[in-house]
Amino acid sequence: MRNLKYVILFVAIEFLMTPILNAQEAEWTPLLDDELSRWDVFIGVPHHTVKGLDEAPKGDGMEGTPLGLNKDPLQVFSMHQVDGEEVLHVSGEIYGGLTSKEIYENYHLKLEFKWGEKKWEPRLNDKRDNGLLYHCNGEHGAFWNVWMESQEFQIQEGDMGDYFGLAGGVNTIRTRMNETGFYEYDPSGSPTRLGIGLEGKNMYRGVRRGNSERPYGQWNTLELVCFNGQSFHIVNGTVVMILDKAERRTEVGYEIVTRGKIQLQSEAAEAYYRNIEIRKITELPKFLK
């Protein structure tokens with residue numbers, strides 16, 4: 001009888017420990033394959049300089065008629081062999097979004113990213129630009145006729161890890177005003193609501209802390225951790241921004257948002273991604289506590 005009690009006690013302890021073990025040891029799920037089977041493609045408005053689309057309506061890259069869902073005749077998003085491994089190639093030739101088919105909540109996303117060489121109109125003379133959009137909700141094309149309402153982990157030369165809220169996305173970040181007049185992340189700063197469309201000077205952008213991007217041509221490791229409405233932008237192992245409360249605009253005001261799809265942007269610059277993987281979390285990873 002005594003032995004039976006010990007067995008029951010052992011089983012109970014093991015059962016109670018299971019969520020903790022799962023939180024720490026959850027398996028990573030790869031999100032890339034040859035067919036991009038976990039993703040949809042939405043291609044926006046071709047710039048009038050784009051060649052090879054004689055039948056398609058064109059515009060300035062933003063205003064006009066988008067090509068639409070899963071219509072990618074120029075293969076803006078495609079899988080390629082680079083140095084013997086499969087990578088996602090983003091041509092950048094037309095604004096577009098590679099959109100996860102699945103909705104995610106409370107997760108740790110990790111990927112590797114580097115710039116390509118080509119640049120396109122309408123950003124031919126601007127910094128190379130891209131972006132990781134998360135908590136994507138609503139319809140395609142809500143912003144510039146291409147991207148969904150979302151929170152943005154900016155991927156831009158010299159600005160990797162900045163924040164933008166697209167099409168009604170808003171977030172609260174502790175900031176201070178920097179020397180350029182923008183709100184820069186500061187753990188001891190004042191809580192500030194930021195997002196495109198909010199009233200006030202330079203409220204559309206949150207600036208990351210420091211510059212952790214590697215030199216042009218090298219791979220960068222980017223991580224996004226989202227848990228219970230809070231999110232962490234991590235560049236090459238450095239937390240460059242903590243965002244405290246994601247919101248989305250609705251017909252009756254703003255509401256907290258904790259879930260949505262993920263989009264990878266094509267924004268007029270060639271780029272490469274590899275080793276994109278995600279795992280569910282039930283608590284913050286140890287390195288963020």
Side-chain angles (χ1 to χ4, degrees), residues 104-109 127 129-138 142-144 147-213 220-260 262-263 265 267 281 283-289:
Y104 296 101
E105 182 175 20
N106 293 338
Y107 59 87
H108 182 180
L109 176 71
K127 293 180 178 181
D129 197 2
N130 206 282
L132 164 60
L133 309 184
Y134 60 100
H135 296 347
C136 301
N137 288 284
F143 190 80
W144 289 0
W147 299 302
M148 300 172 74
E149 168 256 301
S150 56
Q151 312 282 319
E152 179 173 3
F153 181 138
Q154 171 75 309
I155 302 174
Q156 181 173 270
E157 288 181 306
D159 302 315
M160 200 167 284
D162 279 8
Y163 168 77
F164 291 87
L166 304 189
V170 168
N171 220 309
T172 298
I173 308 164
R174 289 190 172 274
T175 70
R176 62 173 179 83
M177 185 72 74
N178 67 17
E179 62 278 2
T180 63
F182 283 94
Y183 292 91
E184 182 177 321
Y185 169 65
D186 184 337
S188 60
S190 302
T192 310
R193 288 178 81 241
L194 297 173
I196 294 175
L198 293 180
E199 293 185 7
K201 184 179 179 181
N202 294 341
M203 301 296 289
Y204 63 90
R205 174 187 178 192
V207 177
R208 83 275 158 229
R209 192 181 196 190
N211 185 358
S212 298
E213 183 178 357
N220 294 274
T221 299
L222 309 182
E223 297 175 74
L224 170 68
V225 175
C226 297
F227 186 69
N228 289 350
Q230 194 175 41
S231 51
F232 299 76
H233 294 186
I234 305 164
V235 179
N236 294 316
T238 299
V239 178
V240 298
M241 184 178 290
I242 299 176
L243 305 96
D244 291 322
K245 188 174 73 171
E247 300 174 72
R248 62 186 301 250
R249 187 173 57 217
T250 70
E251 294 180 356
V252 295
Y254 285 89
E255 65 179 18
I256 292 175
V257 59
T258 61
R259 63 200 299 265
I262 293 168
Q263 285 192 310
Q265 290 182 310
E267 196 170 356
I281 58 174
E283 61 182 2
L284 285 176
K286 287 183 178 180
F287 71 93
L288 293 177
K289 292 182 178 180

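- Closest of all the heavy-atom pairs between V235 and E213 is CG1-N, 4.2 Å.
- Checked against salt bridge (charged side-chain N to carboxylate O under 4.0 Å, His left out), K201 has no partners two or more places apart in sequence or in another chain.
- Considering CD of Q151 and CG of L194, their distance stands at 10.5 Å, rounded to 0.5 Å.
- Contact annotation: the side chain of V207 never approaches that of T180 to less than 4.5 Å [non-hydrogen atoms, C-beta and beyond].
- Looking at residues two or more places apart in sequence or on another chain, you find a ring-ring contact (aromatic ring centres under 6.0 Å, His included) between H233 and Y134, F153.
- Between the side chain of N106 and the backbone N or O of I281, no donor-acceptor pair lies under 3.5 Å.
- Under the 30°/60° scheme for interplanar angles, the aromatic rings of W147 and F143 are found to lie parallel.
- Among all heavy-atom pairs drawn from A142 and E149, the shortest one is CB-N, 4.0 Å.
- Between Y163 and V170 the shortest heavy-atom distance is OH-C, 3.2 Å.
- Every pair passing salt bridge (charged side-chain N to carboxylate O under 4.0 Å, His left out) that includes a residue from residues 159-169 is listed here, sequence neighbours excluded: K127-D159, D159-R205, D159-R208, D162-R205, D162-R208.
- Between the side chain of Q263 and the backbone N or O of M148, at least one donor-acceptor pair lies under 3.5 Å.
- Applying the salt bridge (charged side-chain N to carboxylate O under 4.0 Å, His left out) test to residues at least two apart or on different chains, the pairs with a partner in residues 190-199 are R193-E247.
- Between the side chain of N137 and the backbone N or O of H135, at least one donor-acceptor pair lies under 3.5 Å.
- Distance alone, capped at 3.5 Å, places no donor-acceptor pair between the T238 side chain and the V240 backbone.
- Residues Q156 and D129 are in side-chain contact: their nearest non-hydrogen atoms beyond the backbone lie under 4.5 Å apart.
- Using modelled atom types, one side-chain atom of N236 and one backbone atom of S212 make a donor-acceptor pair closer than 3.5 Å.
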For residues 223-230, please give each side-chain donor-acceptor pair under 3.5 Å, one per line with the distance, not counting sequence neighbours.
from, atom 1, to, atom 2, distance (Å)
E223, OE1, H108, NE2, 2.8
Q230, NE2, D244, OD1, 3.1

task: Under the salt bridge (Lys or Arg N to Asp or Glu O under 4.0 Å) rule, what do R209 and E184 come out as? Steps first, then yes or no, please.
output: CA-CA 7 Å; R209 192 181 196 190; E184 182 177 321; 5.8 Å; no

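- Across all non-hydrogen atoms, the minimal contact from N202 to Y183 is O-CD1, 3.6 Å.
- Contact check for T172 versus T192: no side-chain heavy atoms found under the 4.5 Å cut-off.
- Judged as a salt bridge (charged side-chain N to carboxylate O under 4.0 Å, His left out), and not counting sequence neighbours, the contacts of R259 are E105.
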